[in-house]
Amino acid sequence: MLESLYKRKKTSRFDVLFYIVMGIFVILGLRLFAMQILEGGYYQAKAEGNRLRIVPMTAARGVMYDRNGQILVGSRPAYTISIMPNGKPLDDDELAKLATLLHKKPEEIQKKVEDHKHGYEPIRIANDISMDVVTSIEEHRHELPGVSIDVEPLRYYPYETMASQLFGYVGEVSEDELAEIKEQDPNTTVGAGSILGRAGLEKLYDSVLRGVDGGKQLEVDASGRPVAEVDRKHTVPGSNIHLTIDVNIQKAAEEAVKKELDQLRSSGATGAAVVALDPNTGAVLAMVSAPEFNPNWFAKGITSTQWNQLNNDKRHPFENKVIAGEYPPGSPFKIVTGTAALDLKKVTPDEMIFDSGKHWLIDKRNAEGEALGWLNFNRALAKSDNVYFYEMGNRLGIENIDTYARYFGLGEKTGINLVGEAAGNVASPEYKRKVFDQDWYLGETFDAAIGQSFHLVTPLQMAVLLSQVANGGTRYQPYVVSRVDNPDGTPAEIFGPKNLGVLPVPKNIMDLIREGLRDVTNEGGTAGDLFKGFPINVAGKTGTAENAHGRDHGWFVAYAPYDKPQIVVVALVEQGSFGAGSAGPIVRDVLAAYFNVPVNKKSNDTNSKSNKEAATGANTANGQKPQNTVTSGQPRKD
């Protein structure tokens, strides 16, 4: 009986053990079933992910061409160094070796690796590597597992700083930007490593220029070293855009600005803006804003030293002064005042007004108190006499000056398809009341009549204004992109002249204005010496605008030929003082390039003479005087 009981207990223990073992096998079997059958696809993909890497391939951005088919902005092949992450920290020896070969600090490379948040996608470490560095890395490949060398298209600006604010620049999408872009558009083609437009036309037309990135699927070993290419998705290049810019006129404007700023920098000039338009269409032929920057720095990966150099420059190299710089118009505004006075019959072309050196109602003078005697309208405009135009302001009143300024498009954006355009301002009692809560005085009307007071314009607005004078009164919207292509090169969109309205002023009045501007560049005019011997008949206007933050700004606006205008050129030199001596030579050189007129040494040597004569002779009729000179306690008002 005892033996029977013992056998029964032994059997029970084996039964329990059997059931436990069976239970374990059942659990393992179910788990194996779940992993292999139910979740097999997931784990297979994860395993493949440990073996395969997707390496993005950047699409070549579209080309920017000038009006004659010359490449202004393109792409070129360049060597790129990347690290294939393997989920482990970067080895110190590998980091030190790579930094030495790339001539970088180890901290820079380490930061890029630490900032990387996209799993196993390659980390771009350096762009545009020289062949010497590529060779050195290839020689040490056994010491650099996971480091790859690829050839990628690099955005290239062949003319370096030329029109940099217009063209803009590009940069690699950041981790945060990519997350934000994908949140806004889950179907976006932007991915890790994508190159985006950051400013100017690069940004404005980024969706057209960028194209579609591709990629290649690589098999890698345990250390992350590529073993074989498994698959590839080809890139789709971006579409091209064609600009209205003429590279030869652009070069001439750039060179003229550089030459003048080099000569004037010691006397305080800080920057310049130049724009050339076709007055019959609104097409922009050239656009210069100085100082500029080199967009190639950004394409290659800008260094902290380069960034600090640009970011701390008080001359604002990123600003496109042609569309965003706002300046008092100075004497070129007398075109508006003269048009209003003639059209409203506040003066006749032949009426003689006596200039005694100051106005008889308010003690506002010409620069040195000089008196030009009896003047009719043509002579007053050619000599840019302040006293005459003070009287025009007195007869017109500020309301009429305001009205005609707006007829010419001042106080509003021109509508050019560029980001950052400023609207400027037209002086008025309403503006003064709104901003300063003060009454308007007659003396301020006098100032407004000669382009001072609260007037502010951009160089582009002045170019549009002068285009209306040149072409007979039609205001065209300026434009800089003439065509956008499809990927196959056929036109996707074509842009042309856009008529914004017609100046409500009779032709005979505009003829009088044009005659006065023609005589500005003839003997006896404020720019007579500057254009002496110039074979093309030019109409223009000098100007010097008061600047509350330093020396006065110099203006020169012109169009040519006088009888059949083909080009308008406007130049503004920041703190350049007298327009005939600072901005005038720039305009003359641009016109010389356009009409293939040789610029000889003799004409260049007259620049400093023009400055002096502008201060003491012809341009004193503008109400201009040498810097820091005061006449009878009255500062000049032009």
Side-chain angles (χ1 to χ4, degrees), residues 58-67 71-75 153 155-157 159 161-174 177 180-181 184-185 188-190 194-213 237-247 250 273 275 277 282-289 292-299 316-325 413-423 458-461 463-464 476-487 491-498:
T58 304
R61 290 178 71 84
V63 177
M64 296 187 199
Y65 294 100
D66 89 329
R67 67 191 298 112
I71 294 177
L72 297 173
V73 181
S75 298
R155 199 56 163 168
Y156 180 53
Y157 304 84
Y159 298 103
T161 61
M162 188 179 84
S164 54
Q165 297 91 348
L166 173 62
F167 299 152
Y169 59 94
V170 298
E172 185 177 351
V173 65
S174 69
E177 282 179 315
E180 184 178 343
I181 291 172
Q184 294 176 352
D185 180 11
T188 181
T189 59
V190 177
S194 290
I195 302 300
L196 304 181
R198 298 296 190 184
L201 294 174
E202 292 278 25
K203 182 176 182 179
L204 189 62
Y205 286 89
D206 182 67
S207 61
V208 173
L209 294 167
R210 186 178 353 113
V212 180
D213 294 342
S239 297
N240 303 326
I241 63 174
H242 300 257
L243 309 185
T244 59
I245 296 294
D246 186 314
V247 70
Q250 183 73 30
V275 59
L277 292 183
V284 177
L285 304 177
M287 183 178 287
V288 180
S289 180
E292 298 167 304
F293 63 91
N294 191 340
N296 286 312
W297 288 3
F298 293 91
H316 309 295
F318 290 118
E319 180 185 57
N320 188 341
K321 302 179 194 302
V322 172
I323 65 170
K413 297 179 180 181
T414 67
I416 190 170
N417 190 19
L418 292 175
V419 176
E421 184 183 13
T458 67
L460 184 60
Q461 286 176 322
V464 172
Y476 290 105
Q477 179 176 293
Y479 65 103
V480 74
V481 175
S482 60
R483 191 178 99 192
V484 175
D485 285 344
N486 289 309
E493 195 169 5
I494 297 176
F495 303 94
K498 183 177 181 180

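In this text the structure is predicted, and so the values were computed from the model without any measurement.
Using bins of under 30°, 30° to 60° and over 60° for the plane-to-plane angle, the ring pair F318/F293 lands in the tilted bin.
Taking OG1 from T414 and CD from Q461, the interatomic distance works out to 7.0 Å, rounded to the nearest 0.5 Å. Annotation: the span from E172 atom CD to R198 atom CZ amounts to 9.0 Å, rounded to 0.5 Å. Within the model, atoms CD1 of I181 and OG of S174 stand 8.0 Å from one another, a figure rounded to the nearest 0.5 Å. In this structure, NE2 on H242 lies 11.0 Å from CG on L72, to the nearest 0.5 angstrom. Remark: R61 CZ to R210 CZ distance equals 7.5 Å, nearest 0.5 Å. Residue L243 holds its CG atom at 6.0 Å from CZ of F167, rounded to the nearest 0.5 Å.
Nearest heavy-atom pair across P478 and L277 is CB-CD2, 4.3 Å. Among all heavy-atom pairs drawn from V275 and V322, the shortest one is CB-CG1, 3.7 Å. Minimum heavy-atom separation, T58 to P153: O-CG, 3.3 Å. The two atoms that bring G168 and P295 nearest to each other are O-CB, 3.5 Å, heavy atoms only. Across A273 and P459, no two heavy atoms sit closer than the pair CB-CG, 3.8 Å. Closest of all the heavy-atom pairs between V484 and F495 is CG2-CE1, 4.0 Å.
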Derivation of the side chain to side chain contact (heavy atoms under 4.5 Å, CB included) call for M162 and V247: CA-CA 10 Å; M162 188 179 84; V247 70; 4.0 Å; yes

Walk me through it: do L418 and L201 pass the test side chain to side chain contact (heavy atoms under 4.5 Å, CB included)? CA-CA 7 Å; L418 292 175; L201 294 174; 3.7 Å; yes

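A donor-acceptor pair is defined here as one N or O able to donate and one able to accept, closer than 3.5 Å; such a pair exists between the side chain of D206 and the backbone of G197. A donor-acceptor contact shorter than 3.5 Å links the side chain of Q250 to the backbone of M287. The closest donor-acceptor contact from the side chain of D485 to the backbone of S239 lies at 3.5 Å or more, if one exists at all.
Two residues are said to be in side-chain contact when any heavy atoms from C-beta on lie closer than 4.5 Å; M64 and L209 meet this criterion. Looking at N296 and Y156, their side chains come closer than 4.5 Å, going by heavy atoms from C-beta outward. Side-chain contact between V170 and Y157 is present, with heavy atoms from C-beta onward closer than 4.5 Å. N417 is listed as a side-chain neighbour of Y205, based on a closest heavy-atom distance under 4.5 Å. At least one side-chain heavy atom of Q165 sits less than 4.5 Å from a side-chain heavy atom of E292. Within the 4.5 Å cutoff, no side-chain heavy atoms of I195 are placed close to those of D213. Using a 4.5 Å heavy-atom cutoff, the side chains of I323 and T458 are not in contact. Side chains of I245 and V284 form a contact here, defined as non-hydrogen atoms less than 4.5 Å apart.
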